[in-house]
Amino acid sequence: MQLFTREQKECSYSSGISRQEALVLENATRDTGTNRFIYITAAIAALNGLLFGFDTGVISGALLYIDNSFGLTHLMQEIIVSPTLVGAIVGAAAGGRLADRLGRRRLMVAGACVFFVGSVVMAFAPNVPALVVGRLVVGFAIGVASMVGPLYNSEIAPPKIRGSLVSLNQLAVTSGILLAYLVNYVFKGPGGWRWMLGSGVVPAAALALGMLFMPESPRWLVENGRLDEARSVLSRTRSEDRIEEEIENIEETAQVEENDASTLLESWIRPALIVGVGLAVLQQVTGINTVIYYAPTIFKSTGFGASASLLATVGVGLVNVGATICAVLLVDRVGRRPLLLVGLTGMVLALGGLSAVFFLPGLSGVVGWAAVGSLMFYVGFFAIGMGPVFWLLISEIYPLQVRGSAMGVVTVANWAANLLVSLTFLTLINGGTFSGVEFGGIGQTGTFGLYAVLSLFSLLFVYWKVPETKGRSLEEIEADLRGGTSGKYADASGETAENAD
């Protein structure tokens, strides 16, 4: 793209600006326009995360009033929460292959339309079965969105800012959760749950319309032989001297790969698959979505009323967003591993404190506020590390032609672990009946203590298994995998992070 005419350049030289200075100015102007385009594109794609976060958060407040409409037991509450997770597992499983076949952009538009339909079904649900169907439909869309949004952003972003752009997805997730909490508070009261659940049509429509004007992933275009379109997209996101080099790198990578799910089991990919699936499961079994889904219920159990519980939950959402902004700003500066290690350390301490708070007897008012504080610290440390960095890493560490399939496998594992935790949280606390056999729960102290132990295990897993990918191009990361050095990813400064395999 020609930003300066010959006459403008000559005018610059005659005004005392050297030719070199004029070229620097031209490049700076091009970079400004390029960066603007990249950030707008990434922000619109990150609306996938907003949908993900909105539905995750909105059910927490809606449960308080769905209970009034239908009279729910603890088991029924878990059944209403869980269909979205079942749908998400199916969506993530199908989404990986669909992303490779249809393209990232078209899949995001289709997913947003499905989410729109599911939100309408939930809003008008006459009974629990209809509500469950709506939750299943929305869940399918979320499963697709949770893997295709980070995938798209990782493939369109230049390496030096890829971490920040992909982490925008997690910022959108936390913003969606906060938005859901605010919507819950606005529509609190009998029958308000229909407005809460139906409000999802707004972000769904915004994503579908926005993606109609966005380009396809250049890597997917190259893989499918549409080189001219790929050059056109790259010309808006890369400097001119990098376009042909990047296309050649993508073509070379594609020539030596097979787009087959069995490739995921090959020995050179296995270390990356272990890291991805391990982080996917550990992100969930440390208990984050028990807070997101049941925060008002947790606060209500400490003596808060319904309105106060919803307001306290908004505070948790604000901390979530603020900490995620910090992660977005730091991830390309300090790297992925440091954020994971710091975040998990804080999670262990916060969950241990929360477990101790519920162990104290007869301090209902103090327990309530101490629980709020502990949950805020826990959510904040999660949002610095495991929240954004997990989704960033799984968008970086897999080869091009199986990247969609690999992210689908990892995302399925993530949603399956989410389902397990969501189906067991209230039962762990209160006990229940299974196959006619009654059993007691381990209470809030035992439940959050269990999550603290799992967070400690996660810390050890990250320390020993997770590599650093900061500053590396996707092709360089893949070259490391093929060369058998998957545990040693040099960062932009040339330093190497050891990963004991």
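For the numbers below, each heavy atom of this structure counts, side chains included, while hydrogens, waters and symmetry mates do not.
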Sorted by chain and number, sequence neighbours left out, side-chain hydrogen bond (donor to acceptor under 3.5 Å, both in side chains) with Arg270 holds for none
Per side-chain contact (heavy atoms from CB on, under 4.5 Å), Val321 is matched among Leu318, Thr324, Ile325 by Ile325
Side-chain donor/acceptor pairs under 3.5 Å, residues 118-133, sequence neighbours excluded:
unit_1	atom_1	unit_2	atom_2	d
Ser119	OG	Phe115	O	3.1
Asn127	OD1	Ala130	N	3.0

Those residues at least two apart in sequence (or on a different chain) that pass side chain to side chain contact (heavy atoms under 4.5 Å, CB included) with Arg101 are Arg97
Open item on the list: Main chain of Val462, side chain of Arg337: is a donor-acceptor contact present, judged purely on distance under 3.5 Å?
Closed with: yes
Residue pairs passing the salt bridge (Lys or Arg N to Asp or Glu O under 4.0 Å) test with at least one member in residues 274-297, sequence neighbours excluded, are none
Applied to residues 123-134, the salt bridge (Lys or Arg N to Asp or Glu O under 4.0 Å) test, sequence neighbours excluded, yields none
Ignoring hydrogens and angles, tell me if any N or O in the side chain of Tyr152 forms a donor-acceptor pair with the backbone of Arg105 under 3.5 Å. no
* **Side-chain touch Ile44/Met211, heavy atoms, less than 4.5 angstrom** => yes
In short, ring pair (Phe, Tyr, Trp, His ring centres under 6.0 Å) pairs touching residues 155-180 with sequence neighbours left out are none
When every non-hydrogen atom of Phe116 is compared with those of Ala204, the smallest separation belongs to N-CB, 3.8 Å
Any heavy-atom pair between the side chains of Leu279 and Ile394 that's under 4.5 Å?
no
In short, ring pair (Phe, Tyr, Trp, His ring centres under 6.0 Å) pairs touching residues 157-200 with sequence neighbours left out are Phe70-Trp193, Phe187-Trp195
So salt bridge (Lys or Arg N to Asp or Glu O under 4.0 Å) across residues 378-392, not counting sequence neighbours, yields none
Notebook entry, point to check: For the side chain of Glu155 and the backbone of Pro218, is there at least one donor-acceptor N/O pair under 3.5 Å apart?
Noted result: no
Salt bridge (Lys or Arg N to Asp or Glu O under 4.0 Å) pairs touching residues 131-142, sequence neighbours excluded, are Asp55-Arg135
Just by modelled atom types, is the Leu171 backbone N or O under 3.5 Å from a matching donor or acceptor in the Thr174 side chain? yes
Using only atom types and a distance under 3.5 Å, with no angle test, would you say the side chain of Ser422 pairs donor to acceptor with the backbone of Leu419? no
Taken in chain and number order and not counting sequence neighbours, the residues that satisfy side chain to side chain contact (heavy atoms under 4.5 Å, CB included) with Ile384 are Ala323, Leu339
Report task. Could you walk me through whether Ile156 and Ile38 pass side chain to side chain contact (heavy atoms under 4.5 Å, CB included), step by step? Result -> CA-CA 8 Å; Ile156 205 165; Ile38 292 171; 5.5 Å; no
If you apply the rule side chain to side chain contact (heavy atoms under 4.5 Å, CB included), what do you find for Val173 with Trp391, and how did you get there?
CA-CA 11 Å; Val173 172; Trp391 294 107; 5.8 Å; no
In Asn184, Val138, Thr84, Ile80, the residue satisfying side-chain contact (heavy atoms from CB on, under 4.5 Å) with Ile59 is Ile80
task: Keeping the roles fixed (side chain from Gln284, backbone from Asn414), state whether a donor-acceptor pair exists under 3.5 Å.
output: no
Fill in: Whether Trp415 and Phe52 hold their rings parallel, tilted or perpendicular, with breakpoints at 30° and 60°
tilted
inquiry  = Around atom CZ of Phe377, are there more than 12 heavy atoms from other residues, nucleotides or ligands closer than 6.0 Å?
reply    = no
Salt bridge (charged side-chain N to carboxylate O under 4.0 Å, His left out) filter on Arg231, not counting sequence neighbours, yields Asp228, Glu244
Arg336 meets the salt bridge (charged side-chain N to carboxylate O under 4.0 Å, His left out) criterion, sequence neighbours left out, with Asp332, Glu396
